[in-house]
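Please read all numbers here as calculations on a predicted model, not as lab measurements. When reading the values below, keep in mind they use all heavy atoms of this one structure, side chains included, and skip hydrogens, waters and symmetry mates.
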Amino acid sequence: MTARRIAVISAGLSNPSSTRMLADRLTAATVAALRRAQGPDGEGIEAEVDVFELRDYAHDITNNLLTGFAPPALESMINAVVSADAIIAVTPIFSTSYSGLFKSFIDVLDPDALTGKPVLIGANAGTPRHSLAIDYAIRPLFAYLHAEPVSTGVFAASSDWGGSGDQVASLSERIDKAAREFAVAIARKNPATASDPFDPASYLGEGRSFGHLLGGLAGE
């Protein structure tokens with residue numbers, strides 16, 4: 001059975017948080033949608049999920065911004081995120097945009113690290129008035145990074161967790177719709193392959209060696 005790795009980034013500040021609740025709901029719906037999808041072998045797609053709470057890395061993220069170097073725990077987390085097949089990213093909305101912690105994490109990533117990677121965007125806030133933040137703030141951020149966010153993002157206001165939420169489409173319906181789109185985007189991509197940083201092909205190019213490099217420097 002085909003397998004894919006999904007990295008889940010939750011930028012909630014409290015514990016527990018509604019941001020993490022939304023991230024978990026999106027993850028569960030995506031895993032279920034992938035199992036119903038069809039991989040290259042004609043079978044469903046299994047998902048391996050890594051969930052990262054950015055609040056646990058807040059000090060390391062700040063240190064990285066100040067020094068330019070990621071502490072070991074943050075480096076391991078970044079490697080897991082950028083090597084994943086797809087990303088679920090969920091942030092609370094503060095002052096009509098993504099949280100500072102969420103943006104700070106994005107800022108420590110290599111600008112090309114998310115190129116071509118499917119992304120499912122989630123956001124939450126106390127009021128539905130912030131629902132457009134997904135499209136005018138978060139989606140352009142991932143577009144700038146050349147990632148591929150699916151067309152449906154999921155916004156959850158406080159009222160969505162009770163019985164007085166969106167009367168047109170419930171939170172569950174929106175989550176399921178986004179998860180189906182995300183599963184399709186993941187299924188049509190080949191599984192990510194981990195590169196060996198000590199393999200010359202990873203930085204010299206496939207089929208090239210130090211001999212090619214030295215030859216080029218010598219003018220051959």
Practice task
Kindly say whether Ala47 contributes a backbone atom to a donor-acceptor pair with the side chain of Arg35 at under 3.5 angstrom?
Solution key: no
Exercise for the section: Begin from the C-alpha positions of Leu22 and Trp161 and carry the test side-chain contact (heavy atoms from CB on, under 4.5 Å) through to its verdict. Expected result: CA-CA 10 Å; Leu22 179 58; Trp161 300 106; 4.1 Å; yes
Handout entry: Verify same cluster id: Val150, Tyr144 (apolar side-chain graph, 4.5 Å)
Key = no
Exercise for the section: Specify the closest pair of heavy atoms between Ala33 and Ala183, including all atoms of both residues, with the distance to one decimal. Expected result: CB-CB, 3.7 Å
Practice task
Report whether Val81 and Tyr57 are members of the same hydrophobic cluster (ILVMFWY, side-chain heavy atoms less than 4.5 Å apart, transitive linking).
Solution key: yes
Problem - Ser83 to Ala80 - nearest heavy-atom pair and separation - result: OG-O, 3.5 Å
Exercise for the section: Under the side-chain contact (heavy atoms from CB on, under 4.5 Å) rule, what do Val82 and Asp110 come out as? Steps first, then yes or no, please. Expected result: CA-CA 9 Å; Val82 302; Asp110 184 282; over 6 Å; no
Completion exercise
Of all heavy-atom pairs linking Arg139 and Ser151, the shortest is NH2-O, 3.1 Å
Exercise for the section: Using a 4.5 Å cut-off on heavy atoms from C-beta on, say whether the side chain of Ile106 contacts that of Phe102. Expected result: yes
Exercise for the section: Tell me, yes or no, whether the heavy-atom count around Phe69 atom CZ, taken from other residues, nucleotides or ligands under 6.0 Å, exceeds 12. Expected result: no
Practice task
Please determine which of Asp160, Thr27, Val154 meets the side chain to side chain contact (heavy atoms under 4.5 Å, CB included) test together with Ile175.
Solution key: Val154
Problem - Connected via hydrophobic side-chain network under 4.5 Å: Val108 and Leu141 - result: yes
Exercise for the section: Report the C-alpha distance between Asn15 and Arg20 in whole Å, list the side-chain angles of each, state the deciding distance to 0.1 Å, and finish with yes or no for side-chain contact (heavy atoms from CB on, under 4.5 Å). Expected result: CA-CA 9 Å; Asn15 186 20; Arg20 176 60 188 269; over 6 Å; no
Problem - Single-linkage hydrophobic cluster Ile134~Leu114, side-chain heavy atoms < 4.5 angstrom - result: yes
Completion exercise
Rounded to the nearest 0.5 Å, the CZ atom of Phe142 sits from the CD1 atom of Ile138 at a distance of 8.0 Å
Handout entry: From CG (Asp176) to OG (Ser170), nearest 0.5 Å
Key = 8.0 Å
Problem - Electrostatic pair Glu148:Lys117 at N-O distance under 4.0 angstrom - result: no
Handout entry: side-chain contact (heavy atoms from CB on, under 4.5 Å) between Leu74 and His59, intermediate numbers included
Key = CA-CA 10 Å; Leu74 177 61; His59 294 290; over 6 Å; no
Practice task
Answer yes or no: is there an ion pair linking Glu173 with Lys177, defined by an N-O contact shorter than 4.0 Å?
Solution key: no
Return a table of donor-acceptor pairs under 3.5 angstrom between the side chains of residues 87-94 and protein atoms on other chains or two or more places apart.
| from | atom 1 | to | atom 2 | distance (Å) |
| --- | --- | --- | --- | --- |
| Thr91 | OG1 | Ser99 | N | 3.2 |
| Thr91 | OG1 | Ser99 | OG | 3.4 |

Practice task
Check step by step if side-chain hydrogen bond (donor to acceptor under 3.5 Å, both in side chains) holds for Arg25 and Ser172.
Solution key: CA-CA 9 Å; Arg25 291 276 299 274; Ser172 294; 2.8 Å; yes
Side-chain donor-acceptor pairs of residues 118-133 under 3.5 Å, sequence neighbours excluded:
| from | atom 1 | to | atom 2 | distance (Å) |
| --- | --- | --- | --- | --- |
| Asn124 | OD1 | Thr19 | OG1 | 2.8 |
| Asn124 | ND2 | Ser18 | OG | 2.9 |
| Asn124 | ND2 | Thr19 | OG1 | 3.4 |
| Thr127 | OG1 | Arg129 | N | 3.2 |
| Thr127 | OG1 | Arg129 | NE | 3.4 |
| Ser131 | OG | Pro128 | O | 3.1 |

Practice task
Look at the side-chain heavy atoms of Ile, Leu, Val, Met, Phe, Trp and Tyr, link any pair under 4.5 Å apart, and say whether Leu26 and Val184 land in one connected group.
Solution key: no
Problem - Donor-acceptor under 3.5 Å (Asn64 side chain, Asp60 main chain) - result: no
Completion exercise
Here the pair of heavy atoms bringing Ala137 nearest to Tyr98 is O-CE2, 3.5 Å
Fill in the blank from the handout: Of all heavy-atom pairs linking Pro191 and Arg4, the shortest is CG-NH1, 3.2 Å
Problem - Asp107/Lys103 salt bridge by N-O under 4.0 Å criterion - result: yes
Problem - Check: Asp85 side chain, Ile6 main-chain N or O, donor-acceptor pair, under 3.5 Å - result: no
Exercise for the section: Side-chain contact test, heavy atoms from C-beta onward, threshold under 4.5 Å: evaluate it for Thr152 versus Phe182 and give yes or no. Expected result: no
Completion exercise
d(Leu34 CG, Ile186 CD1) to nearest 0.5 Å is 4.5 Å
